[in-house]
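Right, one structure below, let's go through it.
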Amino acid sequence: MSMSIVSAAPPPLPTTAKSASVVPPATTTANTTQPQRLAFLIDNSRSLDHLLQIHAALLRHGLHHHRILNFKLQRSYSSYGRLRSSVALFNCNSNPTVFNWTALIHDHAHLGVHQQALLYFVQMMGDGIEPNAFTFSSILKSCPLESGKALHCHAVKLGLCSDSYVRTGLVDVYARGGEIVSARRLFDSMPERSLVSLTAMITCYAKHGELKEARAVFDETLERDVVCWNVMIDGYAQHGKPNEALVLFRQMLGAGVRPNEVTVVSVLSACGQLGALELGRWIHSHIKSNGIQMNAYVGTALVVMYSKCGSLEDAILVFKSMNHKDVVAWNSMILGFAIHGSSQCALGTFSAMCRLGVNPNDITFIAILTACSHTGLIKEGWDFFNLMKDKYRIQPKIEHYGCMVNLLSRAGSLEEAYQLVKEMEIQPDAVIWGTLLGACRLHAKTALAEEIAEFLVGKDLANCGTYTLLSNIYAASGDWDGVAKVRTLMKSSGVIKEKGCSSIEVNNRVHEFVAGDKRHPKSREIYLMLEEINAWLKTYNYRAQTDTVLHDLGEEQKEQSLEVHSERLAIAFGLISTEAGTTIRIVKNLRVCSDCHAVTKLISLMTGRKIVMRDRNRFHHFVKGSCSCGDYW
DNA sequence: CAAAGCACTC
């Protein structure tokens, strides 16, 4: 790797054992001057070690005051993340030029030290140094919308707006500030569109969920690099279109563009959303065999993917193998344990994290409170809630209250939960009310449910979940007038009930089912399997929980409607299309219904199969007739 | 006599 340096015939350098191997003494006489050679060495240095040696040489040759070399050295230090060395070199310079200032600003902006970058910019102006296009393209990265607008004016006055780099920076400023129209206007008035400016525009749309617009610009972009693909793939992955993200990823591979760390992070996120474990494993091996760095992002993305795809074991393996675990990595592991119902492991991981000196943040407490709520740990829940406020000085957000309300109300302390909602200093949202309503159904508190529902409808806060839960509550008590009332309300309010949908991955393809679905090519075999299951259930004297059916039907019809629930179709398909003894993994978009939960337990007993089911809230691992949630969900 | 803009995990 030191070939380029060897061929450059460098001057003699300080002779340490190390430098001898890296930068051998000159054997030929080049007719370049010493500063030029050193400049070449700095530009081609491959490691911080090289750079330190070159710096030493500079000092030996008395060239450290050389303006250009000083500048180059400053830039190189920051490229290795050595911001302090870069600042120290800047301070050595008694008469910094716009070059030095720009480098300093760029270094801070690049490493995300935005406040400091802005301070240096102001300081530079105060020293009477006029910024140029390079300075603007660097500082704009650190600007929030308002100061970005001020700098836009400034750039216009200095006649720098025609510069393509400045323009792109401005597009990015408006994009980050959510002023999409302004960003587009700037983009449209650019003299020429570079790949980077096109990508900035795609990013702007993608970040705000305007995927059609993003795709239109993406399709206009002919020569795409890895960043351009990444932006579009991530746009899909982050806005509820994981399938589209995966399709695009395959196209990227087909186009011969090599995925990098950023690509796999987005793709793994898509796999996690879909529960596509096979594809996720493939990405994991692709990472290993293609030299993609296992940084904190990639490691965490793998932990999340494995835990969302139901393989907690693999998530733990990856987590243990990670060298540098930041707070996000710890949070992901804690949440992984939480959604799988392993509360004690979640609590243990939290302690380990604190012991190792990693400070928990607001997300950590969402994860740990989720763990408590999934197993009804009321005392621990309150302890963590208070620890967060008192020791870590973190203001509880709506999500933290949501966890507490969930924990209390589901464990039976409905009044206490209701009290907390009324007392909290922030406005309760639809999720909080929905949680309370859900608990009302669980504990058959019709009166309280009606009170809450009335309140929600009156405030126009009711969503399809509100109506469904209320309708559930009436149906469970056989109050069909109530059910009808809700249905009328639902129609008049225009909300649409979200359809239950279950999916299963077989041979790298995700198969989706809705209730009563007959669209699948193997539909006939699936329904034959269902009949077989029903025959088994009869021998176990299983009685369908018809009181969960929301419609006023006869008993037989109710049973039939339960038999074709989407999760059951997915399981039946899994049974006929995977090898005996293998685990079946199902992903459902809503919560699993209690009849299906009971039936799945029996299926796991009868077939000897492990069935892992992810519902909207958590995982259920069905083994030999029982479920990991202990029927508490 | 030197330099720049777009992407990622809970």
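Proteins get letters first, then strands, A, B, ... in listed order; numbering begins at 1 in each.
B/dA2 has no base stacking with the ring of A/Phe71 when judged by centroids under 5.5 angstrom apart and an interplanar angle below 30°. Judged by ring centres under 5.5 Å apart and planes tilted less than 30 degrees, A/Tyr297 stacks against the six-membered base ring of B/dC8.
Contact check, A/Gln74 against B/dA3: no side-chain N or O comes under 4.0 Å of OP1 or OP2. Look at A/Lys207 and you'll find a side-chain N or O under 4.0 angstrom from OP1 or OP2 of B/dC8. Contact check, A/His106 against B/dG5: a side-chain N or O comes under 4.0 Å of OP1 or OP2. Taking only side-chain nitrogens and oxygens, A/Arg75 comes nearer than 4.0 Å to OP1 or OP2 of B/dA4.
No engagement by A/Ala367 is indicated, since no non-hydrogen atom pair under 4.0 Å with the nucleic acid exists. Counting non-hydrogen atoms under 4.0 angstrom, A/Asn132 reaches a base of the nucleic acid. No engagement by A/Thr135 is indicated, since no non-hydrogen atom pair under 4.0 Å with the nucleic acid exists.
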Which donor-acceptor pairs under 3.5 Å do the side chains of residues 193-202 of chain A make with protein atoms, sequence neighbours left out?
| unit_1 | atom_1 | unit_2 | atom_2 | d |
| --- | --- | --- | --- | --- |
| A/Arg193 | NH1 | A/Glu220 | OE1 | 3.0 |
| A/Arg193 | NH2 | A/Asp188 | OD1 | 3.2 |
| A/Ser194 | OG | A/Val196 | N | 3.4 |
| A/Ser194 | OG | A/Ser197 | N | 3.1 |
| A/Ser194 | OG | A/Ser197 | OG | 3.4 |
| A/Ser197 | OG | A/Ser194 | N | 2.9 |
| A/Ser197 | OG | A/Ser194 | O | 2.9 |
| A/Thr199 | OG1 | A/Leu195 | O | 2.7 |

Review item, side-chain donor-acceptor pairs of residues 331-339 of chain A, under 3.5 Å, at least two apart:
| unit_1 | atom_1 | unit_2 | atom_2 | d |
| --- | --- | --- | --- | --- |
| A/Asn331 | OD1 | A/Thr364 | OG1 | 2.6 |
| A/Asn331 | ND2 | A/Val327 | O | 3.4 |
| A/Asn331 | ND2 | A/Asn361 | OD1 | 3.1 |
| A/Ser332 | OG | A/Val328 | O | 2.8 |

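When distances run from any side-chain atom of A/Asn230 to the nucleotides B/dA7, B/dA3, B/dC1, the shortest one goes to B/dA7.
At a cut-off of 3.5 angstrom, the base of B/dG5 holds no donor-acceptor pair with the side chain of A/Ser137. Within 3.5 Å, no donor on the side chain of A/Thr199 pairs with an acceptor on the base of B/dG5, nor the reverse. Taking only distance into account, the side chain of A/Ser138 never meets the base of B/dG5 through a donor-acceptor pair shorter than 3.5 Å.
Judged purely by atom type and a 3.5 angstrom limit, A/Glu261 has no side-chain atom pairing as donor or acceptor with the backbone of A/Tyr297.
Defined by atom type and a distance below 3.5 Å, a donor-acceptor pair is present between the side-chain atoms of A/Ser269 and A/Gln273.
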